[in-house]
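Structure, as structure tokens:
What you see is a predicted model; the values in this text were computed from it and never measured. Chain letters run A, B, ... following the sequence lines, proteins first and then strands; every chain starts at 1. Just so you know, these numbers use all the heavy atoms, side chains as well, and skip hydrogens, waters and symmetry mates.
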Amino acid sequence: MPELPEVEVVRSGLDRWVSGRTISTVQVRLDRSVRHHSAGPKDFSDRLSGRTITSVQRRGKFLWMVLDDEHALLAHLGMSGQLLMQPRQEPDEKHLHVRISFDDDAPELRFVDQRTFGGLRVEDLVTEPWLGRWVPTSVGHIAPDPFEPGFDSSLVARALRKKATGIKRALLDQGLISGIGNIYADEALWLARRHYARPTGAFTGPQVRELIAHAQDVMSAALAQGGTSFDSLYVDVNGSSGYFDRSLNVYGQEGLPCQRCGRAIVREPFMNRSSFRCPGCQRTPPNAHW
DNA sequence: AAGAACTCCTGGATGC
DNA sequence: TGCATCCAGGAGTTCT
């Protein structure tokens with residue numbers, strides 16, 4: 001499941017493969033994959049034909065290709081989305097939903113997505129309120145991620161402490177800080193020895209900043225691993241595969257001993273999914289906000 | 001209006 | 001063995 005590090009691997013790969021190239025035709029094979037493009041699949045294709053991609057950018061888990069007409073092709077990978085560079089003669093993947101062809105002989109760009117939570121859309125660019133950065137319309141409410149120049153953890157801490165909710169809900173709130181998903185939230189909380197239901201209001205500013213620093217650390221480590229294996233035609237999303245086994249301390253580790261205290265990691269229902277924590281070093285706080 | 005719940009989806013894993 | 005159920009979860013939508 002792509003979170004910030006996995007999306008960044010895709011972004012950097014795409015930047016190398018598609019920047020400067022001109023789109024010839026776009027084939028939408030599954031309308032659902034462009035469902036957020038309000039004007040429909042035909043308009044989606046029409047707006048891309050003839051456009052040249054100037055750069056590939058990212059905020060949190062959103063990535064977009066800036067076009068030469070001041071619009072952007074925005075992509076979100078959802079749970080299982082992949083953006084692949086494939087030679088034209090390569091057989092279609094089972095879940096190939098959108099094919100973007102270029103006016104040259106180099107590989108085409110394919111959007112492949114088994115669970116179809118991801119999608120593509122063409123949007124205007126707008127100025128967002130935190131850094132004044134030029135982003136696609138629907139990214140306008142997504143807060144800066146910890147790797148952006150100008151990211152201000154003090155600002156995040158102030159906003160977060162004002163929320164009436166639990167700390168993990170806040171970490172997952174892309175309007176507060178973006179890029180963090182279920183995996184890295186659990187890992188950052190373990191590193192900071194915090195329970196996921198600790199109320200945001202119980203945190204001091206420095207405690208929030210420490211937690212954010214841990215999130216940065218774990219995502220940097222993941223990015224370092226995902227980045228190493230990427231040097232082929234294949235712009236992949238499973239940067240998680242190598243990372244999963246080696247470095248995760250709590251996520252998916254139910255029943256295994258905590259690397260700090262030896263207590264068995266527990267899995268608990270949370271927001272219709274799961275939270276993993278060590279019952280020894282991440283104690284349930286008073287006034288827990290589930 | 002903020003915060004929480006619900007919803008979308010597929011296929012591998014699990015249970016009987 | 002085969003069928004049914006569970007489970008993964010990002011973010012837009014709907015609810016309270």
Side-chain angles (χ1 to χ4, degrees), chain A residues 1-8 10-11 29-38 58-64 74-83 93-98 111-121 123 128 135-145 158-189 196-202 215 219 222 237-241 243-245 248 250-255 265-276 287-290:
Chain A
M1 35 230 93
E3 297 183 30
L4 185 155
E6 293 77 24
V7 179
E8 174 55 23
V10 175
R11 187 210 64 77
R29 303 169 90 236
L30 180 70
D31 287 356
R32 177 173 160 77
S33 289
V34 297
R35 66 194 178 285
H36 294 299
H37 186 87
S38 44
R58 183 189 57 75
R59 164 166 283 185
K61 306 165 197 167
F62 287 85
L63 74 81
W64 62 93
L74 175 65
H76 196 289
L77 303 175
M79 289 292 298
S80 55
Q82 295 177 300
L83 285 164
E93 290 77 6
K94 180 176 179 188
H95 300 289
L96 171 60
H97 302 321
V98 181
F111 179 69
V112 177
D113 188 11
Q114 180 200 108
R115 291 188 224 176
T116 74
F117 277 24
L120 307 177
R121 62 192 106 164
E123 292 192 342
E128 53 83 0
V135 301
T137 309
S138 55
V139 181
H141 69 284
I142 302 296
D145 69 55
R158 269 204 295 284
L160 183 146
R161 292 171 63 207
K162 282 190 225 162
K163 295 277 183 183
T165 190
I167 188 63
K168 185 172 173 183
R169 288 177 184 274
L171 286 179
L172 297 175
D173 182 349
Q174 307 295 300
L176 271 178
I177 178 174
S178 66
I180 302 174
N182 203 35
I183 298 170
Y184 297 114
D186 279 3
E187 292 298 314
L189 287 165
Y196 58 85
R198 188 174 196 238
T200 50
M219 288 194 289
V237 185
N238 50 33
S240 42
S241 55
Y243 181 65
F244 264 40
D245 302 348
L248 294 180
V250 279
Y251 183 84
Q253 309 298 303
E254 183 180 17
I265 302 298
V266 296
R267 177 172 66 143
E268 295 164 335
F270 177 79
M271 290 175 75
N272 255 347
R273 53 208 57 160
S274 295
S275 268
F276 296 86
N287 308 314
H289 194 128
W290 313 94

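In 5' to 3' order, the nucleotides of DNA chain B bounding all contacts with chain A (an atom under 4.0 Å from a heavy atom) are dG3(B) to dG11(B).
Among the protein residues, S274(A) comes within range of the sugar-phosphate backbone only, with heavy atoms under 4.0 Å from sugar or phosphate atoms but none that close to a base. Nucleic acid contact for D113(A): none, since no nucleic acid atom lies under 4.0 Å from a heavy atom of the residue.
Comparing M79(A) and H141(A), the nucleotide of DNA chain C nearest to each residue sits closer to the 5' end for M79(A). The 5' end of DNA chain B is approached more closely, in terms of each residue's nearest nucleotide, by R273(A) than by the other of H95(A) and R273(A).
The CZ atom of R32(A) sits 16 Å away from the P atom of dG10(C) (whole-angstrom rounding). Distance, L77(A) CG to dG12(C) C1': 17 Å, rounded to whole Å. Atom CD in E6(A) sits roughly 11 Å away from atom P in dG10(C) (whole-Å rounding). With rounding to whole Å, L74(A) atom CG is found 11 Å from dA11(C) atom P. Remark: P of dC7(C) and CZ of F270(A) are 17 Å apart, rounded to the nearest angstrom. Atom CD of E268(A) is separated from atom P of dA8(C) by 13 Å (rounded to the nearest Å). Computed from coordinates, the D145(A) CG to dA11(C) P distance equals 12 Å when rounded to whole Å. In this structure, Y184(A) atom OH and dG10(C) atom P are separated by 11 Å, rounded to whole Å.
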| message | With side chain to side chain contact (heavy atoms under 4.5 Å, CB included) as the criterion, how do Y196(A) and E268(A) come out once you've worked through the C-alpha distance, each side chain's angles and the decisive distance to 0.1 Å? | response | CA-CA 10 Å; Y196(A) 58 85; E268(A) 295 164 335; 2.5 Å; yes
| Does the side chain to side chain contact (heavy atoms under 4.5 Å, CB included) test come out yes or no for E187(A) and V250(A), once each step is laid out? | CA-CA 6 Å; E187(A) 292 298 314; V250(A) 279; 3.4 Å; yes
| request: For side chain to side chain contact (heavy atoms under 4.5 Å, CB included), just list the numbers for H95(A) and V112(A), CA-CA rounded to whole Å, side-chain angles, deciding distance to a tenth of an Å, and then say yes or no. | output: CA-CA 5 Å; H95(A) 300 289; V112(A) 177; 4.1 Å; yes
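With respect to the salt-bridge test (charged N to carboxylate O, under 4.0 angstrom), the residues K168(A) and D186(A) qualify.
One cannot find a donor-acceptor pair under 3.5 Å joining the base of dG12(C) and the side-chain atoms of R35(A).
Put simply, F117(A) does not rest on the base of dA11(C): the two rings are not both less than 5.5 Å apart at their centres and under 30° in tilt.
Heavy-atom minimum distance, F117(A) versus R35(A): O-NH2, 3.1 Å. In terms of heavy-atom proximity, A185(A) sits nearest to L172(A) at CB-CD2, 4.0 Å.
In this structure, R169(A) forms a cation-pi arrangement with F270(A), its terminal cationic atom sitting closer than 6.0 Å to the ring centre and no more than 45° off the ring axis.
OP1 and OP2 of dA11(C) both lie 4.0 Å or more from every side-chain N or O belonging to H36(A).
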